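Keep in mind that what you see is a predicted model, and the values were worked out from it rather than measured. Sequential numbering from 1 along the given sequence is applied to the chain's residues.
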Amino acid sequence: MNHTQIILTAVILLYLCFTIFVGVAIGRRSKRNSEGFYLGGRNMGPLVTAMSAEASDMSSWLLMGLPGLAYLTGLADASWTAIGLALGTYLNFLLISKRIRLYSVQLDAITIPSFISKRYAEKRPVIMCLSSLIILVFFVPYVASGLAAIGKLFHSLFGWNYMLAVIIGAIVIISYTSVGGFSAVATMDLIQSIIMSTALVVITGFGIHQAGGFAAVAENAKALPGYLSLVQSYSPDKNAAAPYDFMNILSMIAWGLGYLGMPHILVRFMAIRSEKELKLSRRIASVWVVISMGIAVFIGVIGHAVSAAGKIQPLTGAESETVIIRIADLLASNGAFSAIVAGMILAGILAATMSTADSQLLAASSAFSENLLRDVFGIRLSQKQTMLMARLSVISIAVIAVFLASNPESSIFAIVSFAWAGFGATFGPAILFSLFWKRSNHQGITAGLLGGGVMVFVWKFLIRPLGGSFAIYELLPAFLFNCILVVAVSLLTAEPEEEVARGFDAYRNSLT
């Protein structure tokens, strides 16, 4: 290990130690009950709520997946995805945040499965069981994608064993998540979002300099057919422009629908101390997400120019997702101070990964220990036993994710894309109908959850490969299929019971 690598390693290790120390310290001050562990006692401020929601959303996808996509194919794919996500962020805060905060308090619900189940006052926990299983099915590979990003980071930089790096990352995340719960996770998300933002800005400036200036970046992009177009994409294999039609655009914008069904984001709304502060949270989150994703896309363009200038090697396939790592490695070769800055950038990638993985672990843990064990199987535990089971759930799910992350060739973007579709297409319509349609009933929601989840798999593996107009991102058709099922089954079955209707009316009255 040379001098530069020693500095990089030291900075990253210091960051990891800082993460563990702060997370554990915050967690020790939080309430020792389920609401404290999973929602921070509903006492989050507007800044923490906004940045925790966005940091837990963006993950390594922001610093690796999105720049890698722009690096390979140009602006179209990455930009339309970013536009869809920006719209989704704003609409999620505008339409969902206040409503789910008020309704979840009224129902005394601390998880998304419990919220939907209590909203329809189901007597047998069918919705509870189904929604908990959906969380486990889609969150575990989502966590695995974050751990894979950590493995790629350390392997590409230091030649470390990939699986060893994955295990180290999992241990760090487990340490503060299992001890601190939601309070530690949310506060660390705020800190990590600042580090992520700093990493984006520094990489942008240094990358432009290494490419030979902004003009050189622009000239390189212009020379690639379709690279700067929003209606064409660049094909690196053929060095030619490929058509990017309306169906492609619709697929990418459909990413925004995913926000409506992300359990780890929705619980941030439930955890804020007052619904009146959500307007400020919406403004902060919307501005940050637009700026950060815009810079991330631009970094992909910059990275291609840096490759063309011969400063980093050309990247292909899943390797393109390491473009920020390559530029940071280049920065580290310019002396001790640059190596320290590069180390902080690499810590930003870790921050992006951990800020999502910790939230997902917590949501998956709550689905297992709170909803499946207690609500579905009726296992009654003392408060101390409940907390122990919550922590053991975090550890167990993380271990499974480590095994799923064992393939270093897997694409972070592809894994996140599938998990995002799974949540958006199942919980998205369920949340919308729960909050906006009084006539919806538990039979309709059950049908929608099941049908939406199945359609994600059917469309992804059976229909989408047919190509043509069927090549649309599976989130959109599965989301629409879910909505149709909810409406049709609700109208074909009995109206909600009077108790459910009164509860909905009380919630609607609280909005005024």
Side-chain angles (χ1 to χ4, degrees), residues 34-35 37-40 42 44 49 52-59 88-89 92-93 95-97 99-101 103-104 107 109-119 125 127-146 177 181-182 185-186 189 255-272 355-372 375-376 390 393-394 397 401 416 418-435 445 448-449 452-453 456 475 478-479 482:
S34 296
E35 186 179 68
F37 190 79
Y38 291 121
L39 280 186
R42 297 188 193 265
M44 297 296 106
T49 298
S52 178
E54 295 315 304
S56 64
D57 154 38
M58 289 302 165
S59 72
T89 297
N92 203 25
F93 270 93
L95 300 176
I96 304 299
S97 61
R99 289 174 170 83
I100 200 169
R101 170 63 169 78
Y103 214 168
S104 66
L107 296 172
I110 63 174
T111 68
I112 296 304
S114 66
F115 168 74
I116 302 173
S117 178
K118 290 181 178 182
R119 156 67 174 89
I127 292 176
M128 183 81 75
C129 181
L130 184 58
S131 55
S132 299
L133 291 175
I134 289 171
I135 286 177
L136 292 174
V137 166
F138 289 109
F139 259 152
V140 174
Y142 211 149
V143 173
S145 73
T177 303
F182 187 89
V185 166
D189 285 349
W255 274 72
L257 291 174
Y259 277 107
L260 305 177
M262 291 297 134
H264 60 301
I265 297 175
L266 296 173
V267 293
R268 265 68 185 166
F269 304 150
M270 294 162 63
I272 197 168
S355 63
T356 300
D358 55 17
S359 301
Q360 293 164 344
L361 274 176
L362 205 59
S365 168
S366 68
F368 179 75
S369 62
E370 278 289 304
N371 302 133
L372 281 180
D375 298 325
V376 175
S393 301
V394 169
I397 292 165
V416 171
F418 184 63
W420 189 267
F423 285 120
T426 52
F427 288 119
I431 294 298
L432 283 175
F433 286 113
S434 295
L435 298 175
I445 295 299
L449 285 170
V456 169
L475 170 55
F479 186 99
N482 186 335

Ser131: what forms a side chain to side chain donor-acceptor pair (under 3.5 Å) with it, not counting sequence neighbours? none
Rounded distance (nearest 0.5 Å) linking atom CD1 of Ile110 with atom OG of Ser104: 10.5 Å
State, with a plain yes or no, whether a side-chain heavy atom of Ile445 is found less than 4.5 Å away from one of Ile116. yes
Pairing residues for Ser97 by the side chain to side chain contact (heavy atoms under 4.5 Å, CB included) criterion, not counting sequence neighbours: Phe93, Phe269, Leu278
Test of understanding: with side chain to side chain contact (heavy atoms under 4.5 Å, CB included), list the residues that count as partners of Ala419, not counting sequence neighbours. Tyr142
Applying side chain to side chain donor-acceptor pair (under 3.5 Å), can you list everything that pairs with Ser132, at least two apart in sequence or on another chain? none
Could you walk me through whether Ile127 and Arg119 pass the side-chain contact (heavy atoms from CB on, under 4.5 Å) check? CA-CA 10 Å; Ile127 292 176; Arg119 156 67 174 89; over 6 Å; no
Quick one: ring-ring contact (aromatic ring centres under 6.0 Å, His included) partners of Phe433, sequence neighbours excluded? Trp437
To the nearest 0.5 Å, atom CZ of Arg268 lies from atom CD of Glu54 at 10.5 Å
Nearest heavy-atom pair of Ile112 and Met270: which atoms, and what distance? CD1-SD, 3.7 Å
Run the side chain to side chain contact (heavy atoms under 4.5 Å, CB included) test against Leu133 and tell me which residues pass, sequence neighbours left out. Cys129, Leu372
To check you understand the geometry: which heavy-atom pair defines the closest contact between Gly452 and Asn482, and what is its length? CA-CB, 4.2 Å
By ring-ring contact (aromatic ring centres under 6.0 Å, His included), which residues pair with Tyr103, not counting sequence neighbours? Phe115, Tyr507
side-chain contact (heavy atoms from CB on, under 4.5 Å) between Thr111 and Ile135, worked out: CA-CA 11 Å; Thr111 68; Ile135 286 177; over 6 Å; no
Check: Leu435 main-chain N/O paired with Arg99 side-chain donor or acceptor under 3.5 Å: no
State, yes or no, whether a side-chain contact exists between Phe427 and Leu449 at a heavy-atom distance under 4.5 Å. yes
Which heavy atom in Ala144 sits nearest to a heavy atom in Ala401, and how many Å separate them? CB-O, 3.4 Å
Residue list, ring-ring contact (aromatic ring centres under 6.0 Å, His included) with Phe423, at least two apart or on another chain: Phe138, Phe139
Would the distance check show the side chain of Arg101 and the main-chain N or O of Ile272 forming a donor-acceptor pair, the cut-off being under 3.5 Å? yes
Measure across Ala425 and Val456 and return the closest heavy-atom pair with its distance rounded to 0.1 Å. CB-CG2, 3.6 Å
Which is it for Leu260 and Leu266 under the side-chain contact (heavy atoms from CB on, under 4.5 Å) test, yes or no, and what are the steps along the way? CA-CA 8 Å; Leu260 305 177; Leu266 296 173; over 6 Å; no
Side chain to side chain contact (heavy atoms under 4.5 Å, CB included) with Ser117: which residues, sequence neighbours excluded? Glu122, Met128
How far apart are the C-alpha atoms of Leu95 and Tyr259, what are their side-chain angles, what is the distance that settles it, and do they pass the side-chain contact (heavy atoms from CB on, under 4.5 Å) test? CA-CA 11 Å; Leu95 300 176; Tyr259 277 107; over 6 Å; no
